[in-house]
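Numbered from 1 within each chain, the chains take letters A, B, ... in sequence-line order.
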Amino acid sequence: LKCYCSAITACGKGSKWKQALRLVDAMHRDGPPPNEYCYNAAISACGKSGQWVRSKELLSTMRERGVPPDLISFNSAIDACGKGGRWDEGLKIFVDMVKASEEPWDPSMDHPKPPTPDATTYGAIITACSRGKQWQMALRFLEDMERKGVERTEGVFQATLAGCARVGKWRECIVTLDQMRKSGLQPRAAAYNSVITACGRGGEWQRAIAILQQMSSRGATPDVITLNAAMTACTQSRRWKQAKAILDFMRDPTSVPT
RNA sequence: AUUACUCUAGA
């Protein structure tokens with residue numbers, strides 16, 4: 001059984017979703033019947049190949065075969081939708097998951113307690129929303145985590161920031177970055193990079209540079225991506241001189257720009 | 001043995 005699971009995982013890494021499904025079929029035919037590990041590996045394998053429909057089908061298949069989807073099944077399926085560019089399908093799974101977990105349940109029932117969303121679930125749905133430019137929804141999910149008492153990780157903040165950055169929502173980015181710090185996390189370059197990008201897209205090149213200066217004083221080290229984002233912000237606002245200064249700094253870090 | 005986790009620009 002473990003060998004099958006490993007093989008299915010390997011198919012996923014090579015984007016061989018058809019192979020992964022063949023393995024699951026072989027198990028249905030000749031045994032051993034797949035357990036949740038195998039189904040989950042297959043859901044993830046299809047997701048990595050952009051086959052979100054297959055991932056959803058597997059979710060139904062496992063239910064029909066008496067293997068109730070667990071937390072990882074849902075998380076993988078939502079991620080699959082996100083990778084396939086279908087935040088709306090991911091949202092459906094999320095909603096179904098929450099509904100199922102709110103059904104009355106007691107230990108005498110034959111199925112295990114349906115899982116509630118965890119930080120990974122939120123990470124998957126927020127990433128899906130961000131990729132689909134659904135920044136408002138990403139922000140709502142971030143709030144929802146707070147309400148439900150799910151720990152907000154660096155990853156979920158970064159995913160939310162990335163979503164807002166994509167559409168130039170710099171105010172929202174700044175607020176979110178602030179929340180991140182308030183919740184005890186130290187934003188690193190990846191987080192600031194999104195904020196700078198958002199400023200650039202919003203035509204706020206001066207703010208972009210202000211944040212670039214701010215991040216160092218807050219203990220985040222700018223990387224190539226940071227400088228590229230800041231340079232692009234200047235370029236988009238036609239501040240060629242400032243862009244050039246950043247470029248020069250990248251080539252020679254001793255030439256400190258003003 | 002199975003799941004999210006980023007990020008700039010371009011292609």
When you get a sec, tell me which of [options] is the closest nucleotide to the side chain of [X]?
X	options	value
A:Arg201	B:A9, B:U3, B:A4	B:A9
A:Thr127	B:U6, B:A4, B:U2	B:A4
A:Ser6	B:U3, B:A9, B:A1	B:A1
A:Thr232	B:C5, B:A9, B:C7	B:A9
A:Ala41	B:C7, B:U3, B:U2	B:U2
A:Asn228	B:U8, B:C7, B:U3	B:U8
A:Thr9	B:U2, B:A4, B:C5	B:U2

For [X], which contact category applies under a 4.0 Å heavy-atom criterion: base, sugar-phosphate, or nothing?
X	value
A:Ala124	sugar-phosphate
A:Thr120	base
A:Arg166	sugar-phosphate
A:Ala159	nothing

Just wondering, are more than 12 heavy atoms of other shown residues or ligands nearer than 6.0 Å to CZ in A:Arg63?
yes
Around atom NZ of A:Lys113, are there more than 12 heavy atoms of other residues, nucleotides or ligands at under 6.0 Å?
yes
Please report the distance, rounded to the nearest Å, between [atom1] in [X] and [atom2] in [N].
X	N	atom1	atom2	value
A:Arg152	B:A4	CZ	C1'	17 Å
A:Asp79	B:A4	CG	P	5 Å
A:Asp223	B:U6	CG	P	14 Å
A:Ile72	B:U3	CD1	P	7 Å
A:Gln236	B:A9	CD	P	7 Å
A:Leu185	B:U6	CG	P	16 Å
A:Asp118	B:C5	CG	C1'	12 Å
A:Ile211	B:U8	CD1	P	15 Å

Report yes if a donor N or O on one partner sits less than 3.5 Å from an acceptor N or O on the other, where the partners are the side chain of A:Asn35 and the base of B:A1; otherwise report no.
yes
Give a yes/no on whether any side-chain N or O of A:Arg188 is located under 4.0 angstrom from OP1 or OP2 of B:C5.
no
With no hydrogens and no angle check, just 3.5 Å: does a side-chain donor-acceptor pair link [X] and [Y]?
X	Y	value
A:Ser44	A:Lys48	yes
A:Thr120	A:Asn75	no
A:Ser76	A:Asn40	no

Answer yes when A:Arg54 and A:Glu57 have at least one side-chain N-carboxylate O distance shorter than 4.0 Å, and no when they do not.
yes
